[in-house]
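Lettering of chains follows the sequences in order, A, B, ..., and the numbering in each one begins at 1.
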Amino acid sequence: MLKFIEQPRYSCALGAQQSVIAIKRAVPILHSGPGCGDKINRLLGQGEGYAGGNTVPCTNASESEIVFGGEQKLGNVIEGAFKVIDADLYVVLTGCTSDIIGDDIGQVTSAYQEQDRPIVYVETGGFKSNNYVSHETVVKAIIDQYVDKFKKGTDKIKGLVNVFATVPYQDPFWNGNLEEIKRILEGIGLGVNILFGAESGGINEWQSIPQAEYNVVISAWAGLGIAQYLEGKYGTPYIHFPYLPIGGEETTKFLRQVAEVTGIDRSYAEAFIKKEEEKFYMHIERMADFILEFRYGLPRRFYTILDASYGVGLSKYLLNELGILPAKQFIIDDTPEEFQEAIQEQFNKISSLRSAKVSFNVDAGAIQEEIRKDDHKHRALIVGSAWERDLATEIGGDLLILSVPVAYRLVLNCGYAGYNGGLRVIEDIYGKVLDTYR
Amino acid sequence: MSVINLKASEVQTREARLGSITGFAGTAGELVGCARAGTLKESERSFSQCMGCSSGNAFCQFSMIQDAIVVNHAPVGCAGDFFTFNFVYRVGQMERDLSPVIGRYFSTNIEEQDTIFGATQKLADTIRKAYERVRPNAIFITTSCASGIIGDDVEGVANDLSEELGIPVIACFCEGFKSKIWTTGFDAAYHSIVRKLVKPPEKKSNKVNVINFWGSKIFDELLNPLGYEVDYIVPFSTVAQLEHISEAAATIQICSTLGTYIGAALEQVYGVPEIKSPPAYGIAGTDRWMREIGRVLDSQGEIEEVIAKEHERVLPKLEEYRNKLQGKTAYLTAGAAHGHALIALLQELGMTVQGAAIFHHDPIYDNGDVVSDALAHAVNTYGDVPNYNVCNKQAYELVNILNKVRPDIMIARHGGMTMWGAKLGIPTLLIGDEQLSFGYQGVLNYAERILESLDNKEFVINLAKHSTMPYTKWWLEQDPFSFLRSDLDVKIY
């Protein structure tokens, strides 16, 4: 099948450089062509962070490396990076140039590993996969080459879980989402290694990955492989929640599943859930009259053009807690075939009363054409990316930008996961809708 | 120095064509001296950070042609810049009162099996589908490291599809690894435009080509009264417009780093005279440039009138600004020609330029005329600049230098550099519109922006107080050019 892409919404395998940047005080070292890091940063990133963007060390492959190999140059850049960049973890990532010509980066890097330097290498030549897939590859490599060696121990710590929930930067709300997930899991009484972002303890947390009692995966498919790998490696069982929990109903479902499996104090967990639900539904109740009575038109149907985890999570929330009906839903993350049926099934039972149609397509140009052809009798909400700006205008719809490229909004700690995220979704949707009235 | 060769499918890199370099530390005067003496030598950095690549610069020009589309023959990661150029395109549409349209760009999405079996079929099919979807008047194909190394016959596909679809389907070779100087991507784009799109002139027109990015339209005001119309190329032009740029009366470049190749190509192939004076920055530079325009467009009398009128208007105001800026120090980072222009401007304003980090250096431009050497012009007119560093966007060198030099203001032309001034508490100004500072009014515009930035310190003071530094203490104490070595392999193939 021809798989060209108009309007890309994810990156290549090397896109996982952003996963490294999302770890506190970690820095990628690229063994790639000169433009790769910048292009990835343009799509997946707002802000350089600690050592991303223009700080990222890179061999900037030129013709002479293509002809003679680039191992020597990589060695030089690694040496330089140790001296110049103040980081706790260095991750060597390859681009197309290195992988096609077959540089032995393992040999170059292992010399430094033998000196107990905190350095990891991974082959991420752009053509090998996309950044959803290579996020797993990179995390596994860090676990194998760094965590194994520097781990604090293997004895399990009661109530400690590792969370694998979003692909950082590919999910523009990764930081906010992880903050909320950590908050609610701690709320029910667990200890949490969140691993990425502002609420993480950086490499200290990574070093205690083997000590967790459980791994918690919140994702349709990307990241599930990490948990399965860790089960084999450290015997850590995992809990899989196959989409992003948004709002009261799904967040509670998620927390109960975690509480049930981990066997933590149920009454403690339920007390937290009760308090959070009360707060959440107090806000929903407070504005229910707005949804019921606003007479000038609110979105009545929605399209999502999102990755699978967001697509399912958001569709459930919009339908079940806001009463907006699903039009067709589109999944754009190049979902591997083996996971498509389970995702399809989630849409089949999107509520107890209805199912939603879904299609998997990486070419969002085609998706937009399909949406244009629909009959646009009712005001629609599109949840997609900055590419949807004109489409929304053309069909008289409202647009919530939630997927990269975000471009027309700036994201700091905003998150859409959990109870707080659910409320934020409402504010953001209706803020935009109301802004269209004079 | 080679002449324009439109028979070759690929343009030669700047390194090979012009002897351009990306590594140098010394004074501006020394650099000009080496360039003129033919003793310019490239140095290699043993440690380096992410640069840009040619494919982005080539895409930059194609992505804003109104009725063309671009097919990037690459893995999807290379399409990471699609939206940023689309954003620039749309901002420009807004400024030009064009109705908003999305740029139509396609990635062939090269995957692992394609690197084994080749991806020319995929490229051809993508072009067909993209054509059906958009019905453009031309299709540009930009290449990538992956398609280059696996050796796909992109030129062959382009030629076949051109015939099949009945529109120009044009290959542009801009693989990232081919050149360390990412402006080679501009040359690659222009090479393909002149080679495959531009038609031989049927008649001479009263148009003047202005090679620019997406800045404001400042040339109509100057050239319309002289009886000329302006064609801004390449962004925001149409395919039909580009077909006829060979008929123009002259070509102006807003920035010689950008337009060197197409300016020379139009002159050498079709006899369109190129204005060879460095672009009009600073009063002396603008005078010189204006007189050259007058000469080429046969309007000396009118131009002298404009110069006199503008001097009368601008010089008293300039004096006011000079008094305010006298003795202030500045450090600058920018692309080559525009960086040279800014050096002239800052000195015109009475400021002390403590140094500059300029992305690359072209010892000569494609026209082969030393008159176009903007750095020589700046040095000869205003004096030498110390700490002149040719540095392709290496932030670690920049932060080291800034930490030592501590200027009153840091000025940047490109994104990603300003943070290092700000994190050190130095007011920092990014100039995005290169035309803001062009010509007589430009000097005043620029002075005003600098004064605003010098005045606005609260943000940087507070940021400096709270920010972290990813560079080691060790590094900040080293010589900024510790990793710049001339003994490494810098051969050009």
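- Here the shortest heavy-atom pairing between A/P8 and B/V76 reads CB-CG2, 3.9 Å.
- Looking only at heavy-atom pairs under 4.5 Å with chain B, the residue among A/C58, A/A51, A/C12, A/G80 that has the most is A/C58.
- Using a 4.5 Å cut-off between heavy atoms, A/S129 does not touch chain B at all.
- Of the listed residues (B/I149, B/N400, B/I110), the greatest number of heavy-atom pairs within a distance under 4.5 Å of chain A belongs to B/I149.
- For A/R25, no part sits under 4.5 Å from any heavy atom of chain B, backbone or side chain.
- Note that the CG atom of A/L30 and the SG atom of B/C50 stand 4.5 Å from one another [nearest 0.5 Å].
- Only the side chain of A/P405 comes within contact range of chain B, with at least one heavy atom under 4.5 Å from a heavy atom of that chain.
- For the pair B/A146 and A/C96, the tightest heavy-atom approach, listed with the atom from each and the gap, is CB-SG, 4.1 Å.
- In this structure, CZ on B/R90 lies 6.5 Å from CZ on A/R389, to the nearest 0.5 angstrom.
- Contact annotation for A/D363: only side-chain heavy atoms (C-beta onward) come within less than 4.5 Å of a heavy atom of chain B.
- For A/A386, the parts lying under 4.5 angstrom from a heavy atom of chain B are both the backbone and the side chain.
- In this structure, no portion of A/A13 lies under 4.5 Å from any heavy atom of chain B.
- Heavy-atom neighbours of B/E132 CD from other residues, nucleotides or ligands within 6.0 Å: above the threshold of 12.
- Per-residue counts of heavy-atom pairs under 4.5 Å with chain B were compared for A/Q72, A/K128, A/K73, A/Q7; the largest is that of A/K128.
- For the atom pair CZ (A/F127) and CD (B/E111), the distance works out to 11.5 Å, reported to the nearest 0.5 Å.
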Could you walk me through whether B/F483 and A/V84 pass side-chain contact (heavy atoms from CB on, under 4.5 Å), step by step?
-> CA-CA 10 Å; B/F483 289 95; A/V84 173; 3.5 Å; yes
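- Listed options B/V101, B/D81, B/T115, B/V399 were ranked by heavy-atom pairs under 4.5 angstrom with chain A; first place goes to B/D81.
- We find that B/K129 and A/E6 are not joined by a salt bridge, their nearest charged nitrogen and carboxylate oxygen being 4.0 Å or further apart.
- Ring-plane geometry between B/F83 and A/Y408 is classed as perpendicular, the angle between the planes exceeding 60 degrees on a 0 to 90 degree scale with a lower cut at 30.
- By number of non-hydrogen pairs under 4.5 angstrom with chain A, the leading residue of B/I102, B/V71, B/I150 is B/I102.
- A/N60 and B/K180 form no side-chain donor-acceptor contact under 3.5 Å, judged by distance and modelled atom types alone.
- Distance check, rounded to the nearest 0.5 Å: OG1 of A/T59 to CZ of B/F177 gives 13.5 Å.
- Contact annotation for A/E79: neither backbone nor side-chain heavy atoms come within less than 4.5 Å of a heavy atom of chain B.
- Applying the side-chain contact (heavy atoms from CB on, under 4.5 Å) test between A/I5 and each of B/N72, B/N109, B/T108, B/T126 identifies B/N109 as the sole match.
- Looking only at heavy-atom pairs under 4.5 Å with chain A, the residue among B/M419, B/E175, B/R104 that has the most is B/R104.
- Interatomic distance, OG1 of B/T468 versus OH of A/Y50, reported as 6.0 Å (0.5 Å rounding).
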Evaluate side-chain contact (heavy atoms from CB on, under 4.5 Å) for B/F47 paired with A/N76, printing each intermediate quantity in order.
-> CA-CA 6 Å; B/F47 173 67; A/N76 285 339; over 6 Å; no
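- A/I66 touches chain B through its side chain: at least one heavy atom from C-beta onward sits under 4.5 Å away, while N, CA, C and O do not.
- With respect to chain B, the highest number of heavy-atom pairs below 4.5 Å among A/D99, A/T97, A/T55, A/I29 belongs to A/T55.
- Ranking B/Q113, B/Q394, B/M51 against chain A, the residue ahead of the rest is B/M51, based on heavy-atom pairs under 4.5 Å.
- Top candidate by heavy-atom pairs under 4.5 Å with chain B, chosen from A/D38, A/N41, A/L43, A/V56, is A/V56.
- In this structure, the portion of B/W420 lying under 4.5 Å from any heavy atom of chain A is its side chain and not its backbone.
- Contact of the B/S48 side chain with the A/V77 side chain is registered, since non-hydrogen atoms from C-beta on lie closer than 4.5 Å.
- Using a 3.5 Å distance cut-off with no hydrogens or angles, the side chains of A/K39 and B/S55 do pair a donor with an acceptor.
- Across every non-hydrogen atom of A/P34 and B/C53, the tightest pair is CG-CB, 3.8 Å.
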Stepwise, does the side-chain contact (heavy atoms from CB on, under 4.5 Å) test hold for B/N86 with A/W387?
-> CA-CA 9 Å; B/N86 173 58; A/W387 286 115; 3.8 Å; yes
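- Ranked by heavy-atom pairs under 4.5 Å with chain A, the first of B/S179, B/C78, B/A74 is B/C78.
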Would you check, one step at a time, whether the test side-chain contact (heavy atoms from CB on, under 4.5 Å) holds for B/M417 with A/N54?
-> CA-CA 8 Å; B/M417 297 285 119; A/N54 295 281; 4.0 Å; yes
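- Put simply, CD1 on A/I85 and CE on B/M469 are 10.5 Å apart, with the number rounded to the nearest 0.5 Å.
- Between A/K3 and B/D114, none of the side-chain N atoms (NZ, or NE/NH1/NH2) sits under 4.0 Å from a carboxylate O, so this pair counts as no salt bridge.
- Heavy-atom distances place both the backbone and the side chain of B/F82 under 4.5 Å from chain A.
- Taking the centre and axis of the six-membered ring of B/F85, the NZ or CZ atom of A/R42 falls inside the cone set by 45° and 6.0 Å.
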